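Quick notes on the structure that follows.
Because the structure is a prediction, the values reported are computed rather than measured. Letters A, B, ... are given to chains in the order of the sequence lines, protein chains preceding strands, and every chain is numbered from 1.
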Amino acid sequence: MESQYNPKKVEEQAQQYWQLHKTFQAVEDPLKEKFYCLSMFPYPSGTLHVGHVRNYTIGDVISRYQRMQGKNVLQPIGWDAFGLPAENAAIKHEVPPADWTYQNIAHMSQQFKRLGFGYDWNREITTCKPDYYHWEQWFFIQLYEKGLVYRKNATVNWDPVDQTVLANEQVIDGRGWRSHAKVERREIPQWFLKITAYAEELLQDLDKLSEWPLQVKTMQKNWIGKAEGALIQFKTTAETTENIEIFTTRPDTLFGVTYLALAPEHPVSLKLAEKNVLIANFLSECRNVKVAEAELATIEKRGLDTGLKAINPINQQEIPVWIANYVLMDYGSGAIMAVPAHDHRDFEFANIYHLPIRQVIKPANANSDCHVETSAFTEKGILINSEKFNELTYDEAFKAIVQYLTEKNVGKRQVHWRLRDWGVSRQRYWGAPIPMIYCESCGTVPVPFHELPVVLPEKVAFDGVGSPLKKMSEFYKTTCPKCGQAAERETDTFDTFMESSWYYARFACPNQSEKMFDKRTNYWTPVDQYIGGIEHAILHLLYSRFFHKAMRDLGLVQSDEPFTRLLTQGMVLKDGAKMSKSLGNTVDPQSLVEQYGADTVRLFLMFASPPEQSLEWSDAGVEGAFRFLKRLWQIVVQHVGQSQTELNSSGSPITAIQKEFRRFCHEIIRKVTDDIGRRHIFNTAIAAMMELLNTIQAYHCETKRDHMLVKEALEALLLMLSPITPHITHALWRILGHEDAIINQPWPKVDLEALQRETLDVVVQVNGKVRAQITVAAKIDNKTLEKAALEHENVKRHITGKELQKVIIVPNKLINIVVKENV
RNA sequence: GCCGGGAUGGCGGAACUGGUAGACGCGCCAGACUCAAAAUCUGGUGAUGGUGACAUCGUGAGAGUUCGAUUCUCUCUCCCGGCACCA
């Protein structure tokens with residue numbers, strides 16, 4: 001027996017045991033309740049960072065806890081291996097993206113293993129390998145054949161010097177990161193998935209996700225953004241341009257419209273620019289803004305009066321038509337009716353260009369502030385200055401005005417979604433090839449299933465100027481599957497969100513080479529517990545939900561939603577900023593593991609803050625976790641070494657101290673079970689276990705019964721600690737004398753009888769301030785309790801000479817005596 | 001700008017459903033052990049006043065509801081995440 005805690009040795013031995021016994025190999029067993037626990041798979045960026053360790057420790061703790069509850073647990077791991085950083089590294093180090101990626105995977109796998117996570121490594125997935133993206137390409141074609149895929153123009157950031165498309169991240173202050181040239185918005189044809197076909201279901205089914213954090217559901221709801229509104233036609237005075245159609249959620253403000261505003265990319269804007277140099281110049285200025293909503297929403301509002309006039313269909317008033325840089329082409333029809341009195345953005349714009357502001361809504365109640373001279377009044381209220389619609393409420397006016405417009409055939413009610421279809425084309429090399437062929441005579445033809453996968457060549461020279469695929473005739477030159485004539489492949493690759501939208505289902509059958517999924521997928525899916533960063537609250541989780549529903553409609557999976565329960569971990573920050581390589585504020589978990597061992601690092605990360613909160617990293621405190629484990633080791637070793645002959649045999653009945661010790665021990669089991677099992681809050685569970693160890697340490701062990709009680713407490717402590725620090729508990733369980741490994745033990749049970757107590761400490765307040773604490777019999781009635789409280793010296797001091805108003809009793813906790821000064 | 005979240009001792013955090021603010025840990029202070037140091041152990045530790053019992057103040061700022069507010073409502077400040085090509 002080791003008298004000193006040696007983490008390295010202890011951890012190697014435990015890991016060897018798990019490997020030898022294939023402990024974490026998941027086997028489908030219809031007779032056992034399954035539990036699929038998944039942490040979002042990592043991008044193989046090079047080395048693990050603290051955020052990774054936190055994420056995967058949470059998953060491992062939950063997996064091991066569920067295993068102790070008797071579940072058949074699957075916990076897989078894989079690599080989200082396509083992506084931009086590999087291309088950057090390729091340029092920097094002159095190494096093909098594939099080589100760099102595989103090296104990183106090899107290194108990070110070792111780090112994972114050293115941390116002792118209970119993964120089924122047989123199911124490892126690497127998304128940049130053809131056996132994975134084969135089925136992504138296959139699925140894409142399935143969607144294409146179902147009409148859920150189409151091609152249209154979309155705007156990208158164009159670097160005019162490097163002649164390449166830039167990611168938003170690569171545009172810094174409006175300029176390309178390498179060339180420093182001003183980026184331009186440019187339209188190019190791209191492939192889209194019709195996620196909007198599922199908008200309604202994606203919105204409705206949020207209600208089914210009872211075990212998702214409310215904040216994530218709210219964000220998704222707002223992102224999908226179902227808006228009831230109206231589509232309204234405005235005739236223009238020029239005969240050459242067609243009508244301008246706008247979408248609004250506020251048809252009740254139609255009388256307040258003082259101008260129309262078009263997006264710079266609006267067809268009418270483009271048409272006007274053809275004949276007008278000023279407009280053309282303005283449009284080209286608007287092009288120097290990167291493709292990001294945050295960018296458009298924060299730039300200085302600028303506009304140009306086109307000279308064109310439009311007619312308000314409700315009152316035939318003539319209003320000017322402007323082009324404005326704050327109008328989004330992607331939302332609604334790319335044109336808006338501007339109501340400066342009742343919209344913040346229109347108000348700001350109208351003030352800059354001295355456009356009229358006409359109030360048509362007044363507050364419904366007197367409490368609201370409404371001063372349209374100084375700011376827009378955006379609340380829903382009562383109509384004024386709106387002719388026959390005056391005095392109507394929002395709901396009445398909405399109905400009446402839309403009905404009027406419908407009758408005149410110039411408008412109609414319309415449901416509008418903020419959600420846009422998902423553009424999946426990327427003009428990059430390091431991604432899954434889009435399996436499409438362009439034939440001059442047959443048009444666009446999908447690659448036949450038997451020719452899949454379209455394999456991405458890995459041995460490439462990568463210079464960063466455009467995709468190497470566009471220069472590789474051996475890749476893009478092919479023949480048309482329909483007519484057999486020479487044709488060309490699509491050289492764009494998929495958005496990497498494609499790979500991460502279905503990997504969770506593939507983990508059930510990663511070695512299935514004949515089809516995307518098999519019956520094992522139905523056994524394991526949906527994921528019971530999904531864990532990942534809060535930064536994925538919208539995009540990744542929404543895309544996965546969409547894929548799951550689309551897969552269901554193709555008969556590939558059986559459930560409606562991919563992830564039953566979701567835990568969104570907070571960011572790991574250092575010095576108040578997100579830890580990232582670019583900021584140079586990363587902490588290397590590897591050196592901590594070498595210094596203290598994996599258990600200490602795992603324990604510290606789980607103890608430092610609750611999982612959903614952001615974690616401010618500090619080096620201090622790791623030492624404290626290590627001290628706790630050293631102390632645990634010492635106490636177990638001492639307990640085992642305690643000679644039985646030194647102990648008095650205890651024929652006497654159980655003492656009050658022994659009873660209280662056991663009560664405390666079971667109270668802790670109850671709390672830790674609740675914290676880990678229900679609340680998923682590990683820091684408080686660990687705090688409780690630290691209290692238990694403190695209590696065990698302070699307990700004087702004199703009799704054989706004492707020894708038994710301490711043993712019971714230590715065993716419970718090791719079992720409860722084992723999901724968090726699996727290695728040290730593996731060793732100490734053996735030291736306590738157990739033959740079977742702790743990994744096979746069930747979770748400890750609370751003895752409800754042990755929890756019973758005879759006395760209670762009750763707080764006594766006078767007018768809400770704590771004045772005393774009294775110890776009373778647990779079964780005390782309210783009258784006796786009140787009497788005891790009133791008799792306490794300090795309470796008396798605060799109530800004598802005052803009039804007793806009432807007494808409030810919170811059972812088993814608190815009594816508040818409310819008194820009033822006698823006047 | 002819009003959507004979502006956060007702010008509690010010197011620091012990380014606790015207080016779960018409106019009921020003792022500061023559990024647990026770090027740090028710090030004192031003591032024990034030691035020739036000495038490290039390690040370890042014991043005690044103390046929100047602020048102010050008081051020998052003490054105790055009292056007053058105190059959860060980003062300001063208001064409100066309540067017998068009672070870190071918790072609920074309103075207004076504001078600062079910080080973090082997302083905004084569709086970072087993953």
Side-chain angles (χ1 to χ4, degrees), chain A residues 40 42-43 45 80 82-85 154 156-157 165-171 213-216 218-219 221-223 225 290-299 326 330 344-345 348 419-423 425-428 495-497 500 533-540 542-543 568 570-571 573 576-578 580 582 604 607-610 612-618 620-625 627-628 630-631 634 674-675 678-679 681 683-684 686-691 694 697 761-770 773 793-794 797 805-808 810 813-819:
Chain A
M40 290 179 187
Y43 176 78
S45 55
D80 190 12
F82 278 132
L84 200 51
V156 293
N157 301 309
V165 175
L166 298 177
N168 281 333
E169 180 182 69
Q170 298 172 312
V171 180
L214 189 59
Q215 54 155 316
V216 174
T218 307
M219 280 191 265
K221 182 175 176 242
N222 293 336
W223 184 265
K290 83 172 184 186
V291 186
E293 197 187 310
E295 202 79 2
L296 276 174
T298 48
I299 48 169
Y326 71 96
D330 289 323
H344 290 302
R345 290 160 304 176
E348 197 188 325
L419 181 69
R420 309 196 295 255
D421 278 336
W422 175 12
S425 296
R426 295 294 178 269
Q427 297 68 48
R428 294 186 212 299
D495 176 7
T496 57
F497 273 122
S500 56
I534 184 67
E535 68 273 20
H536 296 293
I538 297 176
L539 290 180
H540 162 61
L542 193 64
Y543 291 148
T568 47
M571 312 286 294
L573 310 173
K578 175 178 175 174
S580 70
S582 58
F604 172 70
F607 181 57
S609 75
E612 312 229 70
Q613 234 171 75
S614 60
L615 185 153
E616 178 74 35
W617 179 262
S618 87
V622 181
E623 193 74 44
R627 245 186 328 240
F628 171 77
K630 275 195 294 189
R631 200 152 55 91
Q634 283 305 322
D674 190 50
D675 281 353
R678 180 181 65 90
R679 297 175 72 203
I681 297 183
N683 56 330
T684 51
I686 293 166
M689 290 189 272
M690 286 174 168
E691 280 188 84
N694 293 346
Q697 190 169 17
D761 296 330
V762 174
V763 166
V764 187
Q765 295 184 336
V766 178
N767 287 350
K769 294 201 174 199
V770 179
Q773 195 176 80
E793 278 306 313
N794 202 40
R797 267 188 347 124
Q805 298 253 295
K806 59 175 162 177
V807 175
I808 290 150
V810 181
K813 261 189 189 158
L814 176 140
I815 170 165
N816 188 13
I817 299 157
V818 184
V819 292

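- One donor-acceptor pair, N or O on each side, does fall under 3.5 Å between the base of B:rC67 and the side chain of A:N816.
- Of the side-chain N and O atoms in A:K769, none sit less than 4.0 angstrom from OP1 or OP2 of B:rG68.
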Worksheet, complete the sentence: Its contact letters, B for base, S for sugar-phosphate only and - for none at protein heavy atoms under 4.0 Å, make nucleotides 7-18 of chain B read -----BSSSB--
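- Looking at heavy-atom distances under 4.0 Å, A:Q697 makes contact with sugar-phosphate atoms alone, never a base.
- The glycosidic torsion of B:rG9 lies within 90° of 0, which places this base in the syn conformation.
- The nucleotide whose nearest atom lies closest to any side-chain atom of A:R627 is, among B:rG81, B:rG1, B:rU40, B:rU40.
- Regarding A:N767, its CG atom lies at a distance of 16 Å from the C1' atom of B:rA55, rounded to whole Å.
- For the residue pair A:D675 / A:T684, a side-chain donor-acceptor distance below 3.5 Å is found, with atom types taken as modelled.
- Annotated stems with RNA chain B as a participant read B:1-7 with B:77-83, B:10-12 with B:24-26, B:27-32 with B:40-45, B:46-49 with B:54-57, B:60-64 with B:72-76, given as range with range, by first number; only runs of 3 or more Watson-Crick or G-U pairs under 3.5 Å qualify.
- Two residues, A:Q773 and A:T218, neighbour RNA chain B, and the one matched to the more 5' nucleotide by heavy-atom proximity is A:T218.
- Checking the phosphate oxygens (OP1, OP2) of B:rG25, a side-chain nitrogen or oxygen of A:N694 falls inside 4.0 Å.
- Heavy-atom nearest nucleotides on RNA chain B were determined for A:D80 and for A:L214, and the one closer to the 5' end corresponds to A:L214.
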Below 3.5 Å is the cut-off: list the nitrogen or oxygen pairs between protein and nucleotides 44-52 of chain B, distance only.
none

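- Here B:rG25 presents its C1' atom at 9 Å from CZ of A:F604, a figure rounded to the nearest Å.
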Worksheet entry | Pair A:L615-A:M571, side-chain contact (heavy atoms from CB on, under 4.5 Å): steps then yes or no | CA-CA 6 Å; A:L615 185 153; A:M571 312 286 294; over 6 Å; no
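- The residue A:E623 sits apart from the nucleic acid: no heavy atom pair falls under 4.0 Å.
- At B:rG4, one or more side-chain N or O atoms of A:N222 fall inside 4.0 Å of OP1 or OP2 (strictly under the cut-off).
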